[in-house]
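Side chains included, hydrogens not; waters and symmetry mates left out as well; all remaining heavy atoms used.
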Amino acid sequence: MRWDNLRLADAEGDDSAVPLFARGAVARTFDTPEFKGMTFYEIQARSIINKVPAASRVPFSHTINPYRGCSHACSYCLAGDTPVLMADGRAKPIAELRAGDRIFGTRLAGGRRRLVVTEVLDHWSTVKAAHRVTLADGTRLVASGEHRFLTERGWKHVTGEGARPFLGDGDRLVGCGRFAAHPHGLEGAVVESAAELRVVSVEPLGVETPMYDITTGTGDFIADGVVSHNCFARKTHEYLDLDAGHDFDSKIVVKVNAAELARKELASPRWGGHHVAMGTNVDCYQRAEGRYQLMPGILRALTEAANPFSILTKGTLILRDLPLLVEAARVSEVSAAFSVGFVDERLWRAVEPGTPHPGRRLEACRRLTDGGIACGVLMAPILPYLSDSPEQLEAAVREIAASGATHVTPIVLHLRPGAREWFLGWLSREHPRLVPRYLELYGRGAYAPKAYQERVSAQVRELARQYGIGRRASWRIKPDKAPPPEQLSLL
């Protein structure tokens, strides 16, 4: 839906000076730490059930998304005077960059990271607490704690909140140093870690300052001589005429009439009773849901219509609505799914530091299945040579089976543009011996060879059979069938 369909039809007053996305909306801020710096735009949507384009490959035709934007998204920002290496060899402050500017990013070629010309796709600013990173060569970078720099051991945040990998004294950054004396001939130059790029200190400055970030074609850029991570565009927010960076993180669209609309549209004679998928765009159980509580009303509307639905989430907030899911499952088909690609804790911390622990996700799955709700697991991503050994696959399937998952669907790692550069960069630092193998597997595109995918899938299917996934003896709620009274007492 475009913003024209999201505005209040009869907004009062002259709003000609108000950005289009905010016209007719009620803007709210909350004085709580988890929502600091965020604005929620409460809008009266004109429709809530979205039809998926016919060209899409997803296995559902209709969705409900009560939110646009994500209240737990991260932003990675640098001080405005941070020099960024331009394609002509000059440096320009990041605050002065604009979409369309040509700059240098990096790509892996022959197992080595090299400079390549890329383009600024988006540019935005925010206000963040400032930290100063000092390097051995005297370079001083001012960045937010969430910002990431490339080290010889992969991407690391400036600070370590939330158990994420972070910079420490002695970490060596990847880069080529400052380029002021090298105006030409940079294309193809190798960038690597060096002693002079060693981190000497990371210190909070005790102030909040304007910070800037960009989206680039390579997923990175050169900030004061070192490789810096950037944010990737979130296309849904762009479709709503918001920017893909700061707006996505801090301007959350809340469709406050979502439940009312769902009830109305599901009761329409034109509605065909199609399966409705939720959580397919942004997580419908993100932090904002704890305050707005839109999902209970949506679930009640789906229950009243006896309409089948499914929920994809990584959040445990779904357990709040377990009684409603149980009620819905008595009148229609209801299912949920969690994504858990592996259970190795060290691997999880290395490649998925921002996600809930795999054990927490599987515990939530167990709670749902114990409540009689069909809950499966997308075993994704399976990482070639890192999480695909027989022992690792068996460990994951064994724990998935213990969660009572109704099914497990293996999905081998996809390396699409953006994710490809980030992952191969991490791989070249953490597991350089695997780079040639990955280039062989993914040299022709985003997907591993079909034979490899089929082999892994066959192993997972056999393990699922051995551990009895899908053959759980305990009851599952079926439409028009109430659960045993003793089970209800446990809910």
Report task. Could you tell me which residues satisfy side-chain hydrogen bond (donor to acceptor under 3.5 Å, both in side chains) with Tyr452, sequence neighbours excluded, listed by chain and number? Result -> Asp388
Requested in this report: Identify, with sequence neighbours excluded, every residue that meets ring pair (Phe, Tyr, Trp, His ring centres under 6.0 Å) alongside His431.
Outcome: Trp426
**Report entry** Interatomic spacing from CD1 in Ile411 to CD1 in Ile382 - rounded to 0.5 Å
**Finding:** 8.5 Å
Report summary line: dist Leu324:CG -> Ile298:CD1 (nearest 0.5 Å) comes out at 11.5 Å
**Report entry** Intermediate values then yes/no, side-chain contact (heavy atoms from CB on, under 4.5 Å), Glu430 and Leu386
**Finding:** CA-CA 11 Å; Glu430 295 292 326; Leu386 291 172; over 6 Å; no
Query - Set of ring pair (Phe, Tyr, Trp, His ring centres under 6.0 Å) partners for Tyr438, sequence neighbours left out - result: Phe423, Tyr442
Query - Residues that Glu196 engages under side-chain contact (heavy atoms from CB on, under 4.5 Å), provided they are two or more places apart - result: Asp137, Ala194
Query raised in the report: Val191 and Leu150: side-chain contact (heavy atoms from CB on, under 4.5 Å), yes or no, with the steps?
Result: CA-CA 11 Å; Val191 289; Leu150 185 59; over 6 Å; no
Query - For Thr151, all residues meeting side-chain hydrogen bond (donor to acceptor under 3.5 Å, both in side chains), sequence neighbours excluded - result: none
Query raised in the report: When you check the side-chain N and O atoms of Ser457 and Glu454, is any donor under 3.5 Å from an acceptor?
Result: no
Report task. Just jot down the side-chain hydrogen bond (donor to acceptor under 3.5 Å, both in side chains) partners of Arg360, sequence neighbours excluded, or say none. Result -> none
Query - Gap between atom CG of Leu115 and atom CZ of Phe104 - 0.5 Å precision - result: 6.0 Å
**Report entry** Gap between atom OH of Tyr67 and atom SG of Cys284 - 0.5 Å precision
**Finding:** 8.5 Å
**Report entry** Pair Arg112 + Glu192, salt bridge at N-O below 4.0 Å
**Finding:** yes
Requested in this report: Find out whether the Lys NZ or Arg CZ of Arg437 is both under 6.0 angstrom from the six-membered ring centre of Tyr385 and within 45° of the ring's axis.
Outcome: yes
Query raised in the report: Is there side-chain contact between Val435 and Ser428, with at least one heavy-atom pair below 4.5 Å?
Result: yes
**Report entry** Contact check, side chains of Ile469 and Ile400, non-hydrogen atoms, under 4.5 Å
**Finding:** yes
Query raised in the report: Roughly how far apart are Leu173 CG and Leu135 CG, rounded to 0.5 Å?
Result: 5.0 Å
Query raised in the report: Any idea which heavy atoms bring Ala374 and Thr406 closest together, and the distance?
Result: CA-CG2, 3.6 Å
Requested in this report: Please round to the nearest 0.5 Å and tell me the distance separating atom CG of Asp220 and atom OG of Ser228.
Outcome: 8.0 Å
Report summary line: Arg172 meets the side-chain contact (heavy atoms from CB on, under 4.5 Å) criterion, sequence neighbours left out, with Glu152, Ser193, Ala195, Arg198
Query raised in the report: What are the two closest heavy atoms between Leu197 and Gly175, and how far apart are they?
Result: CD1-N, 3.7 Å
Query raised in the report: Do Arg153 and Asp171 meet the salt-bridge criterion of a basic N to acidic O distance under 4.0 Å?
Result: no
Query - Minimal non-hydrogen separation, Leu441 against Pro384, with atom names - result: CD1-CB, 3.6 Å
Query - Nearest heavy-atom neighbours spanning His229 and Phe221 - result: O-CE2, 3.6 Å
Report task. For Asp344, check side-chain hydrogen bond (donor to acceptor under 3.5 Å, both in side chains) against everything at least two apart and list the hits. Result -> none
**Report entry** Nearest non-hydrogen partners of Glu203 and Thr134, listed with the distance
**Finding:** OE2-OG1, 4.3 Å
Query raised in the report: Does any donor atom in the side chain of His131 or Ser144 lie under 3.5 Å from an acceptor atom in the other side chain?
Result: no
Report summary line: In short, salt bridge (charged side-chain N to carboxylate O under 4.0 Å, His left out) pairs touching residues 458-468 with sequence neighbours left out are Glu462-Arg465
**Report entry** Results of side-chain contact (heavy atoms from CB on, under 4.5 Å) for Glu399 - residues two or more places apart only
**Finding:** Val343, Leu362
Requested in this report: With sequence neighbours left out, write down each residue that passes side-chain contact (heavy atoms from CB on, under 4.5 Å) with Ala143, or none if nothing qualifies.
Outcome: Leu78, His147, Phe149, Val158
Requested in this report: Would you please name every residue forming a salt bridge (Lys or Arg N to Asp or Glu O under 4.0 Å) with Arg320, sequence neighbours left out?
Outcome: Glu289
Requested in this report: Please examine the side chains of Thr63 and Val276, heavy atoms only from C-beta on, and report whether any two atoms are closer than 4.5 Å.
Outcome: no
